[in-house]
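Start at 1 with the first residue, then count along the sequence. Note that this is a predicted model, so its numbers are computed, not measured. One-based numbering, in listed order, for ligands and for the atoms of each. Below, each value reflects all heavy atoms present in this structure, side chains not excepted, and no hydrogens, waters or symmetry copies.
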Amino acid sequence: MRFKNVYKEEIKKYVAKNNLKYYIDTMGCAMNENDSSKYAGILESMGFTKAEDIDKSNLVLFNTCSVRENAENTLYGRLGSLKKKKKEDSNTIICVVGCMSQQKHVIEKIKESYPYTDIVLGTYSMISFPEKLYNVIMKKERQYEYIEISNDVIEEVPIIYESDKKASVSIIYGCNNFCTFCIVPHVRGRERSRMPEDILKDVKHLAEKGYKEIMLLGQNVNSYGKDLNINYTFADLLKDLDKIEGIEIIRFTSPHPKDFSEDVIDVIASSKKISHLLHLPLQSGNTRVLKKMNRKYTKEQYLELVDRIKSKIPDVSFSTDIIVGFPGETAEEFEDTMDVVNKVKFEQIFMFIYSKRESTPAAEMEDGITYEEKVERLEILKKKFEEITNEKNEKMIGQVYEILIEGKSKTNDKLYTGRTLNNKVVIFDADETLVGKIVNVEIIKNNLWYLTGKIVG
Ligand code: SF4
């Protein structure tokens, strides 16, 4: 399905007359970041410009996440704090989109408790956003929409990225896995792959515009193509993307360990562009817990996959997601997770205490672990991860890495920043003419969460 905005010209006149500005507040994952870039694209195509901050905006859009309970509470807090802004200027437009608003009970709660919200749309309603905005602006009607997710994929949505060197590209939407803790299949629907020609066209276009790095996105990227019935796999897509001139770095997230096929490993091994930092979500290192999570691999299978990848890509490293305190996880079972952490020595760990999500099977499971125990496990994991990071950083000192210069460092504007292929942030002295170029950087100092380097030869 192609995106069309028939309301564009009419809204443009109104926006120009009133010099309207938008502000987007994104919660959650890389998929949401990508959706926010699309909402920015839609708004800018209608003449809105980006506001410096929320106070200077006329339209506030919250792109929500429902993976953890605290993200939901954050939204309600932020909506509450906008009541004053709306009172002061009743023309302020407040929009809530994304995973949270794909749930009927959330729509009801917003209607009841935050009735000054103008637009509430779920994950599948981006296509109707221009129409809803038109109705709010021209007819002064509030717009709350819940539609069931269908199998359509929407193409040609305008998109504005934060960076002019790095861009994310969705390749597949939804998920069929139904991990018992996860709400994603309920709010993002079943797997739907984009056609290869649409993805390749987008990436070629990005390369022409000077983009150097792409991040392929999907809830389960290595399921890519299965639903298309055209005999074209994730490995085929990687091979074709690898040939696009101008793109120098290709990353992807997230693959599911159970679907990590041999041909994908071979393509990565033979490519000079595909990052050798692979995200391989573990969730738990204990086989009984993994079964309760419906992850469909065991501790041994996960470790065997890591070894298989290492045998073909010797300099590979891994990042992962780990949930501690899943319902019923015993202290011994948590030790299995720590055992995998010790063995794999992850480059990055996104770690969370289990968060109960309504309408998922795990929400009904017997817990039996106190909150204090969960926090204690998280602290143990954090400490171990710090040790591993420190150890790895020390080994990088004196080594030279190819780094794409992304721009000025956010923490020190006299220095520039970029990432190694294994995604370590490095800051170093450079100049503006080098931004967007790939340079050789020698690592000279370990600062735990980032490294200091110097450009060489
Ligand atoms: S693979 Fe599991 S954790 Fe990931 S999105 Fe699908 S259901 Fe959620």
Side-chain angles (χ1 to χ4, degrees), residues 27-35 63-72 98-100 102-103 122-124 149 151 153 168 170-194 215-227 233-234 251-261 264 278-299 301-302 305 318-327 329 337 340 346 348-365:
M27 301 159 203
C29 66
M31 294 294 278
N32 262 16
E33 296 280 352
N34 185 265
D35 282 350
N63 190 4
T64 62
C65 169
S66 55
V67 168
R68 270 168 283 283
E69 200 176 8
N70 58 3
E72 291 198 1
C99 293
M100 256 182 88
Q102 188 61 40
Q103 299 167 88
T123 53
Y124 195 67
I149 296 169
N151 280 335
V153 168
S168 60
S170 297
I171 62 166
I172 179 169
Y173 302 100
C175 182
N176 292 354
N177 287 317
F178 289 93
C179 301
T180 57
F181 54 82
C182 184
I183 197 154
V184 167
H186 306 272
V187 293
R188 292 239 175 215
R190 299 298 90 73
E191 288 168 2
R192 301 159 331 266
S193 302
R194 295 180 65 201
M215 168 71 93
L216 307 176
L217 294 178
Q219 251 77 40
N220 185 9
V221 286
N222 40 13
S223 270
Y224 175 78
K226 286 181 187 162
D227 56 311
T233 63
F234 182 49
R251 304 182 193 272
F252 57 84
T253 194
S254 285
H256 195 300
K258 77 174 166 56
D259 297 321
F260 215 110
S261 60
V264 169
L278 301 180
H279 190 65
L280 205 56
L282 172 67
Q283 308 301 3
S284 165
N286 176 267
T287 298
R288 188 190 78 92
V289 175
L290 285 167
K291 191 151 193 259
K292 283 180 72 186
M293 288 177 162
N294 193 30
R295 291 292 291 173
K296 300 197 174 76
Y297 52 84
T298 62
K299 173 187 180 185
Q301 284 166 335
Y302 184 94
L305 172 63
F318 298 94
S319 59
T320 200
D321 302 323
I322 292 178
I323 296 172
V324 301
F326 185 77
E329 178 194 68
T337 299
V340 177
F346 295 104
Q348 278 175 310
I349 305 180
F350 301 94
M351 50 184 98
F352 310 99
I353 290 179
Y354 166 73
S355 177
K356 191 172 178 169
R357 304 289 53 219
E358 248 178 65
S359 73
T360 61
E364 309 301 320
M365 291 179 191

Is there a donor in the side chain of [X] and an acceptor in the side chain of [Y], or the other way round, less than 3.5 Å apart?
| X | Y | value |
| --- | --- | --- |
| Thr180 | Asn294 | no |
| Ser319 | His279 | yes |
| Asn176 | Lys226 | no |

Is there side-chain contact between Tyr173 and Val153, with heavy atoms separated by less than 4.5 Å?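 Answer yes - side chains close enough.
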Less than 2.8 Å from atom 2 (Fe) of ligand 1 is the window; count the protein N, O or S atoms in it.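 The number of such protein atoms is 1.
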Applying side-chain contact (heavy atoms from CB on, under 4.5 Å), name anything that partners Val67, two or more places apart in sequence or on another chain.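 Listed in chain order: Cys65, Val184.
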Of Lys296, Arg295, Lys291, the residue whose pairing with Met293 passes side chain to side chain contact (heavy atoms under 4.5 Å, CB included):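 Only one of Lys296, Arg295, Lys291 forms a side chain to side chain contact (heavy atoms under 4.5 Å, CB included) with Met293, namely Arg295.
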